[in-house]
Amino acid sequence: MSLTEHPFLDGSPKGLFIDGKSVPARSGRTFEALNPATGALLATIAEGDAADIDRAVIAARNALDGPWGRMTPADRQMILLRLADILEARTESLALLDTLDMGAAIKRRRGNVGLLVSLLRYFAGMARAIHGETPHTSIPGMFAATVKEPVGVCGAIIPWNGPLWATGLKAGPVLATGCTLVLKPAEDASLSPLLFGEMCMEAGVPPGVINIVPGYGATAGAALAGHHGVDKLAFTGSDVTGRKIVQAASGNLKRVSLELGGKSPHIIFADADLAAAAPAAAVAAFANSGQICSAGTRLFVERAIHDDFVAEVARIAGTLRLGEGRYDETDLGPVVSARQLDRVTGYIDSGCSAGAKIVAGGTRLSGEAFDKGFFMPPTIFTDVADDMAIAREEIFGPVLSVFAFDSIDEVICRANATPFGLGAGVWTQDVSKAHRMGRELKAGSVWVNCYNTLDPAVPSGGYKGSGWGREYGPNHLEEHLNVKSLWINAA
Ligand code: NAI
Ligand code: MG
């Protein structure tokens, strides 16, 4: 694939985006952005490390004291609306850039740009809805009010499974509240975050408000998490790295929010609308080649319908077309990297040796169209015991474990027996079952007769080991605000 296939990929090295400018790393080092479908080199990118993070944090701190700090909510709203318009006008180009960089099907990437545009417009509205309260005190003559202030310099560390989307999700509330941002994208997908930085400038965001510093986790990421000039850090990624982030953040006790994925149960009762539930179960597990934090990777099926339902999900999985994501007909692209492919095949091997049975997929695709990329077909395991690694750990590939269950009490107990709690799905036509499951499943989002539905106004986040804090909705804004209590003695 030539480097000219996308206007952003013009053969020039991509710099870090700091203080409104593209700059080389202080060390002069670079790393390569590769297309996981073909192995082709897309661009070389400046490799930021601690020195560059430091520069970016200083730029972000200074920006708080510059014109940005004096802007009104109406100004910030207009900037967010312009940014949304700019993204919307370039949907196709942005979708293609992510597809080339991390592999996912372009139709999915287009949908993500659309959702991000909607999210930015939501935060544009929220910029003007920030308000404190005037609690009535019981102290004679004492007036009290709460004032919301931007928390300050925000750091964000994001993964590769939705690079533009994750960048916009971190930037939206930052812009709405008047904070500033230093974002470290994933080393496997830094291109659209860099382009997002440039588009912010076009939208009228002052220099230094949004800074994008690509680099590796152990260097740039760790420096950002530990930086004493950062007031708040938002991390999305693995639970293992999440723990390191919390430790690094303890130095200055910065505020931390975490979105750490999961092992989400997807539960199908025999009374469900099975014609709707089967394709939903396949999409929940295999969309984005399974690289979704809230993927429905533990499928619990009531025993009476287990065999037929599994056969139908396997049939649907078999109709999904794998290939280079940039073609419209592609349903599933490759996984993001050789490392991720190894991780996924390692889990598949572990499932086989533990005695689970493969009923679909299981081996990497080969042949001319696939050999240079990391293509793994939808893989379905039955006969999975609850204590197998494939039943407990987040795989982040197109791998589904299926379990039969007999009663509602049993399935609630097994579904909740996980350290994670990001999402859960339930299919039933019985309204009392739906309510009971909605209450008793320990997860930040419970979807009944749907799965993975997202709306900018509805909070999303984890119970238990799936994280801290909420994204989307008013809660997401609050994460970026400090509450000041103002007392005035008017006696
Ligand atoms: P990761 O959690 O290590 O990487 C996510 C981000 O954290 C990247 O930007 C990375 O550079 C950064 N990072 C890594 N080590 C860091 C450190 N010590 N300090 C600060 N930042 C650091 O995930 P990775 O290695 O890409 O994928 C491994 C597994 O993690 C996947 O197979 C999947 O199970 C899980 N994962 C879950 C995600 C989710 O949204 N739930 C997203 C990405 C990965
Ligand atoms: Mg890449």
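Along the sequence shown, residues are numbered consecutively beginning with 1. In listed order, ligands and their atoms are each counted from 1.
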Ligand 1 contact on I395 by region, counting heavy-atom pairs under 4.0 Å: backbone

Aromatic ring pairing Y472/H476, orientation class (parallel under 30°, perpendicular over 60°, tilted between): tilted

Based purely on interatomic distance, does R339 place a nitrogen or oxygen under 3.5 Å from a nitrogen or oxygen of ligand 1? yes

Regarding W447 and H266, is there a side-chain donor-to-acceptor distance under 3.5 Å anywhere? no

Please list, in number order, the atoms of ligand 1 under 4.0 Å from a heavy atom of E187. 8 (C), 9 (O), 10 (C), 11 (O)

Where ligand 1 meets L260 - atom numbers and elements under 4.0 angstrom, heavy-atom basis: 41 (N)

Given P163, G217, G261, identify the one with the heavy atom nearest to atom 13 (N) of ligand 1. G217

Backbone or side-chain N or O of T236 under 3.5 Å from ligand 1 N or O: no

Look at atom 15 (N) of ligand 1 and find which of L233, T241, I292 reaches it with the closest heavy atom. T241

Which one of K21, R55, R26 satisfies the side chain to side chain contact (heavy atoms under 4.5 Å, CB included) criterion with L16? R55

Sub-4.0 Å atoms of ligand 1 with respect to non-hydrogen atoms of A186: 9 (O)

Going by the 4.0 angstrom heavy-atom rule, the piece of Q291 near ligand 1 is neither

Atoms of ligand 1 close to P159 [distance to a heavy atom under 4.0 angstrom, numbered from 1]: 42 (C), 43 (C)

Establish, from distance only, whether the side-chain atoms of E47 and Y216 form a donor-acceptor pair under 3.5 Å. no

Is ligand 1 under 4.0 Å from a heavy atom in the side chain of A225, in the backbone, in both, or in neither? neither

C293: numbered ligand 1 atoms lying under 4.0 Å from its heavy atoms: 39 (C), 40 (O), 41 (N)

Nearest to the Mg ion (ligand 2) - the N/O/S atom of D188, by atom name: O

Within less than 4.0 angstrom of ligand 1, does V336 place any heavy atom? no

For ligand 1, which atoms sit closer than 4.0 Å to a heavy atom of G221? 19 (N), 20 (C), 21 (N)

Report yes or no: does D54 contribute a side-chain atom to a donor-acceptor pair with the main-chain N or O of A50 at less than 3.5 Å? no

Go through ligand 1 atom by atom and flag the ones less than 4.0 Å from a non-hydrogen atom of R343. 29 (C), 31 (C), 32 (O), 34 (O)

Look only at interatomic distance and state if I158 has a nitrogen or oxygen under 3.5 Å from any nitrogen or oxygen of ligand 1. yes

Which atoms form the tightest heavy-atom contact between A314 and I380, and what is the distance? CA-CD1, 3.6 Å

Report yes or no: do R255 and N482 form a side-chain donor-acceptor pair below 3.5 Å? yes

Could you go through K170 and T236, starting from their C-alpha distance and side-chain angles, then the distance that decides it, and tell me whether this counts as side-chain hydrogen bond (donor to acceptor under 3.5 Å, both in side chains)? CA-CA 10 Å; K170 304 305 183 209; T236 303; 2.8 Å; yes

Strictly under 2.8 Å, is the Mg ion (ligand 2) approached by any N, O or S atom of A33? no

Considering the options L233, L181, V182, which one meets the side chain to side chain contact (heavy atoms under 4.5 Å, CB included) requirement together with C154? L181

Checking D98 now: which residues fulfil salt bridge (charged side-chain N to carboxylate O under 4.0 Å, His left out) with it, not counting sequence neighbours? none

Nearest non-hydrogen atom to atom 2 (O) of ligand 1 belongs to which of S238, A156, P185? S238

State whether the side chain of D349 and the backbone N or O of G346 hold a donor-acceptor pair below 3.5 Å, judged by distance alone. no

What do we get for K244 next to ligand 1 when only non-hydrogen atoms under 4.0 Å count, side chain, backbone, both or neither? side chain

I'd like to check whether Q340 has a polar contact with ligand 1, where a contact means an N/O of the residue lying under 3.5 Å from an N/O of the ligand. yes

Just by distance, with hydrogens left out, do S353 and S350 show a side-chain donor and acceptor under 3.5 Å apart? no

